[in-house]
2 protein chains.
Amino acid sequence: MSDNANSVNMTAPSRGYHHGDLRAALLDAGLDLLKSGSAETLSLREVARRVGVSPTAVYRHFPDKAALLKELCIRGALELAQAQAQAMKAAGGGRKGFAATGGAYIRYAVANPVLFRIMMANMPPGGFFSSDFSDDQVGIQMLRDNIISLVPKEAGEEGVLFGMLMSWAQVHGLSMLMLDGQVPVSEETIKAFESSRLEFRFVPDQPSE
Amino acid sequence: MSDNANSVNMTAPSRGYHHGDLRAALLDAGLDLLKSGSAETLSLREVARRVGVSPTAVYRHFPDKAALLKELCIRGALELAQAQAQAMKAAGGGRKGFAATGGAYIRYAVANPVLFRIMMANMPPGGFFSSDFSDDQVGIQMLRDNIISLVPKEAGEEGVLFGMLMSWAQVHGLSMLMLDGQVPVSEETIKAFESSRLEFRFVPDQPSE
DNA sequence: CGCATTATGTTTACAGTGATAACATGTCCG
DNA sequence: CGGACATGTTATCACTGTAAACATAATGCG
């Protein structure tokens, strides 16, 4: 593009042809678009446009759209984990802290609907458990620690895993139902959730009632 | 889906135009495609191709793609409700029956991944609660009845609603996590869920621990 | 320093999509 | 019978992801 009227270069050393750090810029723009939530589907071309580069420039840095998306997922997951960690700290840890991480999860989801949905749908298999971003205190580890401290000791490792699964499913389900418009998004509901305690226990096979 | 395949409406209007009853055929093809799960995104053109009509013929029966999707959602929701009702009956009602409806929900989701995801994402606002398909015993009503019988009487209407929400969120979250590959799809896990009982209760605002 | 190699960005092109408009045809009803 | 209307088709457009060929900047080696 020779017409440089609308140079969107944010980085100072944006000498014409070579954009300082296109890869990072693309990721930023992508995340930004997903957060704006405007377009249900972010397109490579839109991202490129945003950065001020030709549509196919993206392919010098990402093999395809899925690859870009995958990285954005990880970014989102990190952000989410941060929000949870912060909520935990703000609530002073303990059981209340744990509930707060759940609330943070839901709030993050409804605050970033497009991102969150794409995030979950494009997370690499086993994503949250993967080591891609386990460098820091990340949601899953936090969840694990919390569950361990909440589940009766005799439940064993299996019980811990089941507890993690159920807790996660709980907040995730609530988040998705809100995102999908099946349940009204209401801070009140989130608060109610936070101050509710759920317990689950195996019940031996027995006649109902 | 059987009501229109072989037994043509005895009512006159199904006189052969060009395709007999394109609208129904399109819906069938659409549902079929979503169930095959092959293509992540079913396209109007593909549906049309499947039925053997020109791409734009669809627009004589649906204003746009979203409209087609919406109807497919409702079909899926009905199917899901049927599966749940059947599971309930098979389990002999009661608490076990209720758990079975949860299992049926999850199993339907993992058995129809594409359909289920699109179903939830495109369900009209408040979809499951809408009267669009409340003609029969549908999931939500069943859920409500079950919750009412399981929640302590003093919880009141609000407690019932909250219970419904939490139960739904639980199975929905588990389903989505499996669909998204965050949790391995395993019949064992589903069974474990079915034989677990979850309880939730409000805890008054109190110092943690 | 000069030049070849490589990294990066551009242009061009293609197949596929949802959608609109103009057209063609079949069906029905007065 | 003949027009009115419902249904299906043929262009056509704007948009998408992606590949191939090309152009330019940065880099390294003689």
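A, B, ... follow the sequence lines: proteins, then strands. Residue 1 opens every chain.
Mapping A:Arg23 and B:Ala66 onto DNA chain C by nearest heavy atom places A:Arg23 at the nucleotide closer to the 5' end. Residues B:Glu46 and B:Pro63 both approach DNA chain C. Their nearest nucleotides, taken by heavy-atom distance, put B:Glu46 toward the 5′ side. Sequence order on DNA chain D of the closest nucleotides to A:Arg60 and A:Ser43 puts A:Ser43 first from the 5' end.
Atom CG in B:Leu26 sits about 8 Å away from atom P in D:dG8, given to the nearest Å. In this structure, the CG atom of A:Asn122 is 13 Å from the P atom of D:dG17, given to the nearest Å. In this structure, A:Leu44 places its CG atom 4 Å from P of D:dG17, rounding to the nearest Å. Atom NZ of A:Lys65 and atom P of C:dT17 are 15 Å apart (whole Å). As a whole-Å value, the separation of A:His61 NE2 from D:dT18 P is 16 Å. In this entry the distance linking OH of A:Tyr59 with P of D:dA23 reads 22 Å, nearest Å. For the pair A:Leu69 CG and D:dG17 C1', the computed distance is 13 Å after rounding to whole Å. C:dT17 atom C1' lies 15 Å from atom CG of B:Leu33, rounded to whole Å.
By the 4.0 Å N-to-carboxylate-O rule, B:Arg107 lies close enough to B:Glu187 to be salt-bridged with it. The pair B:Asp28-B:Arg75 meets the salt-bridge criterion, with a side-chain N (NZ, NE, NH1 or NH2) lying under 4.0 Å from an Asp/Glu carboxylate O.
Put simply, the side chain of B:Arg45 and the base of C:dG16 share no donor and acceptor less than 3.5 Å apart. Between the base of C:dT11 and the side chain of A:Thr56 there is a donor-acceptor pair shorter than 3.5 Å.
Residue B:Leu42 comes nearest to B:Lys65 through the heavy atom pair O-NZ, 3.1 Å, listed as atom of the first residue, atom of the second, then distance.
Panel note: side chain A:Ser186, backbone A:Glu188; a donor-acceptor pair is recorded below 3.5 Å.
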